[in-house]
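The structure appears right after this line, and notes come after that.
This one's a predicted model, so the numbers in the text were calculated from it and none came from an experiment. Keep in mind that the numbers below use all heavy atoms, side chains included, and drop hydrogens, waters and symmetry copies.
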Amino acid sequence: MTGIVYKSTGSWYTVKSDEGNFVECRIKGKFRMKGIKSTNPIAVGDRVDFELEENNDQITGVINTIQDRKNYIVRKSVNLSKQTHIIASNIDIVFLLVTINNPPTTTSFIDRFLVTAEAYGIEAILVFNKIDTFDEAALDEQLFLQYTYENIGYQCLRVSAQERKGLDKLMFLMKDKVSMFSGHSGVGKSTLVNAIEPGLNLKTKQISDSHSQGQHTTTFAEMFDLSFGAKIIDTPGIRGFGVVDMEKEEISDYFPEFFRLKDKCKFNNCLHKEEPKCAVKEALEKEEIAWSRYNSYLKILEGDDEHYRTDIYDEDRKNSDKSRG
């Protein structure tokens, strides 16, 4: 039988068969030994082949094949003995939820996420959430970020789950697609999914006052069928987002505004650092490229992932402020 993985809890996988039945499945042990450099050999969104088995009058399944993935999105795993953690696979569109101060989403985090989406060929849209909570300073910052990313070519949405603003456009973009919502804990992913599809009743929690960080409410990625012909993958909140499996020479290719200037650099292997006659640095000096983006690029180039994962907000936040000032 063939189906799609809808939920992964580490050892068991909920698979929806092509006939529409949900079956709890486990995997054959050999999957764990195939050199998959990942903490999870099977991810939500995977198409798999499985066989039914009967245990104590309960029908379960055994997954024996993972079909080729169209794409997937990964982050560096906190388990350092493995290389990556696959968040989800076979995604048509990913919505990165961004909040200004409740909790803050740094430009460094946004850029790392966008670079990963570019690298794996997934369309990414920025969703500025909680616009109903903005004071004048927050609104100014949000509009500045929107201007920055729309200039690059990224689509941006402004939504409020509480006041149901912007939901129609979001739902239109989701229709007939497999979408993924991602972002820090506390940015309102579950609340937004509940606003789009009230019957799901996903758990939500308040922001932790002491750290302005969200508390994890989703512990495992899970896919849901929505009533208007869409599928949504709800994911755990991501704190750090280390970039993986990229050569230094290719990182700038995943910054679209850098890639467009690549042919104008004097050297075809230009890293846009100390090289002379670099078109990217010239554009930067003319303020045609955002300094926050260039700072993010340098951090990724330098492999500053460990620091990034341990210090979630403060330094990136300060650098974002400096780049705007």
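- In this view, L261 and K264, A279, V280, A283, I289 satisfy the side-chain contact (heavy atoms from CB on, under 4.5 Å) rule, not counting sequence neighbours.
- Taking R164 as the reference, nothing meets the side-chain hydrogen bond (donor to acceptor under 3.5 Å, both in side chains) condition, with sequence neighbours excluded.
- In this structure a side-chain-to-backbone donor-acceptor pair under 3.5 Å is missing from K299 to S108.
- Put simply, the residue from E287, E288, E257 that forms a salt bridge (charged side-chain N to carboxylate O under 4.0 Å, His left out) with R293 is E257.
- Within a 6.0 Å radius of CD in E54, more than 12 heavy atoms belonging to other residues, nucleotides or ligands are found.
- S252 is not listed as a side-chain neighbour of F259, based on a closest heavy-atom distance of 4.5 Å or more.
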I'd like to know whether Q155 forms a side chain to side chain contact (heavy atoms under 4.5 Å, CB included) with L173, so could you lay out the CA-CA distance, the side-chain angles of the two residues, the decisive distance to 0.1 Å, and finally the verdict.
CA-CA 11 Å; Q155 187 169 353; L173 292 169; 3.6 Å; yes
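- R158 is listed as a side-chain neighbour of L139, based on a closest heavy-atom distance under 4.5 Å.
- Summarising the local packing, CG of D135 is surrounded by more than 12 heavy atoms from other residues, nucleotides or ligands at distances under 6.0 Å.
- Atom CD in E51 sits 11.5 Å away from atom OG1 in T60 (nearest 0.5 Å).
- With sequence neighbours left out, Y297 forms a side-chain hydrogen bond (donor to acceptor under 3.5 Å, both in side chains) with no residue at all.
- Atom OG1 of residue T14 and atom CD of residue E24 lie 3.5 Å apart, to the nearest 0.5 angstrom.
- Note that CG of L126 and SG of C156 are 4.5 Å apart. Values are rounded to the nearest 0.5 Å.
- Put simply, the side chain of T105 reaches to within 4.5 Å of the side chain of V187, judged on heavy atoms.
- At a threshold of 4.0 Å, the pair R47-D18 counts as salt-bridged, since one of the basic side-chain nitrogens sits closer than that to a carboxylate oxygen.
- The shortest heavy-atom contact between I233 and A88 is CD1-CB, 3.8 Å.
- Considering every non-hydrogen atom in both K248 and L271, the closest pair reads O-CD2, 3.7 Å.
- Atom CG of residue N269 and atom CD of residue E250 lie 14.0 Å apart, to the nearest 0.5 angstrom.
- Residue F181 comes nearest to K189 through the heavy atom pair O-CD, 3.8 Å, listed as atom of the first residue, atom of the second, then distance.
- For the pair R69 and Y72, the cation-pi test (distance below 6.0 Å, angle within 45°) is passed.
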Test salt bridge (charged side-chain N to carboxylate O under 4.0 Å, His left out) applied to D132 and K165, step by step:
CA-CA 9 Å; D132 56 293; K165 289 179 179 174; over 6 Å; no
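- The number of heavy atoms from other shown groups lying within 6.0 Å of NZ (K281) is above 12.
- Among F22, F224, Y13, W12, the single residue meeting the ring-ring contact (aromatic ring centres under 6.0 Å, His included) criterion with Y6 is F22.
- Between E53 and R26 there is a salt bridge, since a side-chain N of the basic residue sits under 4.0 Å from a carboxylate O of the acidic one.
- In Q162, the CD atom is not crowded: 12 or fewer heavy atoms of neighbouring residues, nucleotides or ligands sit closer than 6.0 Å.
- Within 6.0 Å of CD in E19 there are more than 12 heavy atoms belonging to other residues, nucleotides or ligands.
- There is a side-chain donor-acceptor pair under 3.5 Å between Q142 and Q146.
- K130 approaches G188 most closely through the heavy-atom pair CE-N, 4.3 Å.
- No path of Ile, Leu, Val, Met, Phe, Trp and Tyr side chains, each step under 4.5 Å between heavy atoms, connects Y147 with V159, placing them in separate hydrophobic clusters.
- When only modelled atom types and interatomic distance are considered, D111 and Y294 share no side-chain donor-acceptor pair under 3.5 Å.
- Neither side chain, Y154 nor E150, offers a donor N or O lying under 3.5 Å from an acceptor on the other.
- Nearest heavy-atom pair, I131 versus S160, reported as atom, atom and distance to 0.1 Å: CG1-CB, 3.8 Å.
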Test side chain to side chain contact (heavy atoms under 4.5 Å, CB included) on M180 and I93; report intermediate values, then the result.
CA-CA 7 Å; M180 183 175 111; I93 191 166; over 6 Å; no
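- F50 and V62 are assigned to two separate hydrophobic clusters, defined by single-linkage of ILVMFWY side chains at heavy-atom distances under 4.5 Å.
- Counting heavy atoms from C-beta outward, L192 and L97 have side chains that approach closer than 4.5 Å.
- In this structure, M174 CE and L167 CG are separated by 10.0 Å, a value rounded to the nearest 0.5 Å.
- Using modelled atom types, no side-chain atom of N71 and backbone atom of I122 make a donor-acceptor pair closer than 3.5 Å.
- A distance of 11.0 Å separates OG1 of T191 from CD1 of I196, quoted to the nearest 0.5 Å.
- Between the side chains of T2 and D49, at least one donor-acceptor pair of N or O atoms lies under 3.5 Å.
- Between H184 and P104, the shortest heavy-atom distance links the atoms CD2-O, 3.6 Å.
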Salt bridge (charged side-chain N to carboxylate O under 4.0 Å, His left out) for E275 and K266? Distances and angles first, verdict last.
CA-CA 8 Å; E275 299 90 343; K266 181 178 181 180; over 6 Å; no
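- No side-chain heavy atom of F172 sits under 4.5 Å from any side-chain heavy atom of L170.
- Using a 4.0 Å cut-off between a side-chain N of Lys or Arg and a carboxylate O of Asp or Glu, D92 and K231 do not qualify as a salt bridge.
- Checked by atom type, the side-chain pair D46/Q67 shows no donor-acceptor distance below 3.5 Å.
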